[in-house]
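Have a look at the structure below, then the notes.
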Amino acid sequence: MRKVKLTAQTKKNILQDLLKRSPNQYPEYEATVKEILDNVRTNGDKAVFDYTKKFDKADINAGNVKVTDAEIEEAYKKVDPKVVEVIKVAIKNVTAYHELQKKTSWITTEDNGVILGQKVTPIGVAGIYVPGGKAAYPSSVVMNIVPAKVAGVKKIIMCTPCNAEGVVYEGTLVAAHEAGVDEIYKVGGAQAIGAMAFGTESIPKADKIAGPGNIYVALAKKAVFGYVSIDSIAGPSEVMCLADESANPRYVAADLLSQAEHDQLASCILVTTSEELADKVNEEIEGFLKVLERREIIQKSIDNYGYILVADNMDEGIDAVNDIAPEHLELATKNPFETMTKIKNAGAMFLGEYASEPLGDYLAGPNHVLPTNGTAKFFSPLSVDDFVKKSSIIYYSKEALLATADDVITFANAEGLTAHANAIRVRKEDNQ
């Protein structure tokens with residue numbers, strides 16, 4: 001990977017380079033996505049089935065768009081039983097972690113007759129999108145369904161593309177069934193997002209849509225926001241490692257490449273205070289590239305978005321991490337727990353040489369749906385909170401209202417909202 005000295009200018013250049021991967025940088029696809037969404041909104045099933053025939057070459061109709069129990073049973077026959085068991089372990093761990101995120105409704109009372117609170121309610125219908133083809137990852141199925149299930153969502157639907165024969169990837173079906181999905185539909189692409197956003201004759205309308213996808217899916221989610229809620233508009237995968245001279249170069253190199261293999265837009269960055277470590281990591285990368293199966297993809301990824309940044313000191317390295325705000329951050333320092341306290345912006349943090357990033361992808365428990373493209377500065381990982389909504393509770397006794405009536409009336413009048421003031425005034429006058 002290219003090795004450069006970390007300066008304000010190199011950091012700025014890298015930030016600009018990484019932002020080129022954002023779905024927001026592809027406006028040429030927006031017209032196509034809008035056309036698809038408008039068609040689905042107007043014509044429902046017909047539009048969805050026409051696009052499925054056009055893009056996936058599958059003859060899907062109202063009679064076969066929904067995956068049957070028999071199809072799920074057939075999928076189990078094709079998946080290695082060891083893989084099924086690992087999926088179950090992942091679901092157990094992810095469920096346990098997300099159970100800790102649950103929040104309860106609360107009420108507080110005051111002596112003056114005021115009762116305030118918050119009611120937490122699961123959303124009604126969660127719509128999960130799962131890519132097909134080369135991007136069909138059962139782990140993502142688990143990560144999207146489990147938090148909705150833990151949140152108490154009553155109905156979880158899933159859309160995923162099928163092949164030309166109308167068959168959905170077996171790993172996707174097994175993972176979805178184990179995680180507790182309620183209904184699965186053989187629809188992919190922007191048309192699937194439209195179907196879940198607006199509802200069709202066969203596919204229910206969702207209240208929230210979550211899940212990764214290609215540029216058409218990402219832009220479709222962006223376009224339907226407001227009709228439904230969405231989790232995020234995810235960009236390509238990224239990993240950053242902040243390391244000092246104590247880091248194991250072999251481990252660091254292996255972890256960087258674990259994300260580079262996703263696709264040629266994936267980003268892997270090492271920030272280190274050790275020139276010697278930087279060189280050793282590069283040597284290890286060269287060795288791994290000779291044996292890894294996806295080396296062509298990895299090579300393109302590190303050529304496009306791979307960097308080794310050499311910092312003068314750890315504070316400078318930490319500043320770079322916080323400015324770039326990576327999706328995955330590994331802390332390979334002498335005291336990673338101390339380093340962690342100085343990190344403000346990261347989707348997920350992996351501490352120490354044995355907390356390898358793939359643990360988070362599969363089995364550790366925290367969600368692997370994380371903010372990308374610098375959005376860790378203001379977004380969080382997918383969680384139970386994404387599948388609940390909160391309602392405020394307000395109660396005032398007569399005495400409590402009268403005690404604050406004049407203040408409310410004054411505030412309302414100051415804003416020129418005399419009807420607001422009147423709603424309080426009539427109660428005050430009736431009780432004088």
Side-chain angles (χ1 to χ4, degrees), residues 1-26 28-29 131 133-135 137 212-215 218 234-243 247-311 317 320-321 323-330 332 346-347 350 356-358 361 368 370-376:
M1 292 200 300
R2 79 201 85 176
K3 185 177 72 171
V4 297
K5 180 171 176 54
L6 177 58
T7 65
Q9 188 58 49
T10 57
K11 184 169 61 177
K12 180 180 179 181
N13 293 343
I14 289 171
L15 283 167
Q16 292 175 341
D17 200 26
L18 294 177
L19 289 175
K20 293 176 184 176
R21 308 171 310 141
S22 169
N24 292 321
Q25 300 301 314
Y26 296 88
E28 65 269 27
Y29 297 105
K134 295 179 181 179
Y137 301 127
N214 62 19
I215 186 64
S237 185
E238 54 199 41
V239 64
M240 174 178 277
C241 179
L242 177 63
N248 185 316
R250 185 169 176 80
Y251 296 170
V252 171
D255 289 355
L256 291 174
L257 299 187
S258 73
Q259 291 307 293
E261 75 170 341
H262 271 294
D263 62 64
Q264 63 189 37
L265 293 178
S267 167
C268 53
I269 300 174
L270 168 63
V271 180
T272 181
T273 53
S274 170
E275 188 94 34
E276 181 181 358
L277 178 75
D279 292 335
K280 287 183 177 179
V281 168
N282 249 339
E283 290 175 10
E284 294 289 349
I285 287 174
E286 291 302 318
F288 284 130
L289 282 173
K290 295 174 183 178
V291 298
L292 291 172
E293 291 182 6
R294 294 168 68 88
R295 53 185 169 272
E296 290 185 11
I297 293 174
I298 293 172
Q299 188 65 64
K300 289 180 180 178
S301 171
I302 62 178
D303 286 346
N304 292 333
Y305 301 105
Y307 299 91
I308 295 178
L309 304 176
V310 181
V321 169
D323 285 342
I324 293 174
E327 178 188 18
H328 306 97
L329 172 65
E330 292 195 347
F350 300 79
S356 178
E357 190 280 335
D361 280 347
H368 80 197
L370 302 166
T372 59
N373 276 97
T375 59

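The model shown is predicted, which means the values in this text are computed figures rather than measured ones.
- The closest donor-acceptor contact from the side chain of Thr10 to the backbone of Lys5 lies under 3.5 Å.
- Contact detail for Cys241 and Ala332: the closest heavy-atom pair is SG-CB, 4.0 Å.
- Considering CG of Asp279 and OG of Ser274, their distance stands at 8.5 Å, rounded to 0.5 Å.
- Considering only heavy atoms from C-beta on, Asp17 stays 4.5 Å or farther from Leu19 through its side chain.
- Using a distance-only test at 3.5 Å, with no hydrogens or angles considered, a donor-acceptor pair links the side chain of Glu238 to the main chain of Glu327.
- Annotation for Glu293: atom CD does not count as buried by contact number, only 12 or fewer foreign heavy atoms lying within 6.0 Å.
- Although no hydrogens or angles enter the test, the distance criterion places a donor-acceptor pair under 3.5 Å between the side chain of Ser301 and the main chain of Ala266.
- Of the possible polar contacts, one joining the Asn282 side chain to the Met1 backbone as a donor-acceptor pair under 3.5 Å is found.
- Side chains of Asp263 and Pro236 form a contact here, defined as non-hydrogen atoms less than 4.5 Å apart.
- Listed here is the closest heavy atom pair of Gly235 and Thr372: N-OG1, 2.8 Å.
- Under a 3.5 Å cut-off, the side chain of Glu284 and the backbone N or O of Ala253 do not form any donor-acceptor pair.
- Under the 4.5 Å side-chain criterion, counting only non-hydrogen atoms from C-beta, Phe288 is in contact with Arg250.
- In this structure a side-chain-to-backbone donor-acceptor pair under 3.5 Å is present from Asn373 to Leu18.
- Of all the heavy atoms in Gly347 and Leu370, the pair that sits closest is O-CD2, 3.7 Å.
- Taking the side chain as every heavy atom from C-beta outward, Pro212 and Pro131 approach each other to under 4.5 Å.
- In summary, of the residues considered (Thr272, Leu270, Ile14, Thr7), a side chain to side chain contact (heavy atoms under 4.5 Å, CB included) with Leu309 occurs for Ile14 alone.
- Counting heavy atoms from C-beta outward, Lys11 and Tyr307 have side chains that stay 4.5 Å or more apart.
- For the atom pair Ser237 OG and Leu265 CG, the distance stands at 11.0 Å (nearest 0.5 Å).
- The side-chain heavy atoms of Ile302 and Leu289, taken from C-beta on, include a pair separated by under 4.5 Å.
- Annotation: the span from Leu277 atom CG to Asn248 atom CG amounts to 9.0 Å, rounded to 0.5 Å.
- Atom NE2 of His262 is separated from atom CG of Leu257 by 12.0 Å, given to the nearest 0.5 angstrom.
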Checklist entry - Given Arg2 and Ile308, is the side-chain contact (heavy atoms from CB on, under 4.5 Å) satisfied, shown in steps? => result CA-CA 6 Å; Arg2 79 201 85 176; Ile308 295 178; over 6 Å; no
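- Within the 3.5 Å criterion, the main-chain N or O of Glu261 finds a donor-acceptor partner in the side chain of Arg294.
- A donor-acceptor pair under 3.5 Å is absent between the side-chain atoms of His328 and the main chain of Met240, judged by distance alone.
- Between Lys280 and Glu276 there is a salt bridge, with a side-chain nitrogen of the basic residue lying less than 4.0 Å from a carboxylate oxygen of the acidic one.
- From Ile297, atom CD1 reaches atom CG of Leu292 across 11.5 Å, with rounding to the nearest 0.5 Å.
- Partners of Lys12 by salt bridge (charged side-chain N to carboxylate O under 4.0 Å, His left out), not counting sequence neighbours: none found.
- At least one side-chain heavy atom of Val321 sits under 4.5 Å from a side-chain heavy atom of Pro326.
- Within a 6.0 Å sphere centred on CZ of Arg295, other residues, nucleotides and ligands contribute more than 12 heavy atoms.
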Item to check | Stepwise side-chain contact (heavy atoms from CB on, under 4.5 Å) check, Ile298 with Gln259 | outcome: CA-CA 8 Å; Ile298 293 172; Gln259 291 307 293; over 6 Å; no
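- Among all heavy-atom pairs drawn from Val271 and Gly317, the shortest one is CG1-CA, 3.7 Å.
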Next on the checklist: The test is side-chain contact (heavy atoms from CB on, under 4.5 Å); show your working for Leu256 and Val281 and say whether it passes.
Outcome noted: CA-CA 10 Å; Leu256 291 174; Val281 168; 4.2 Å; yes
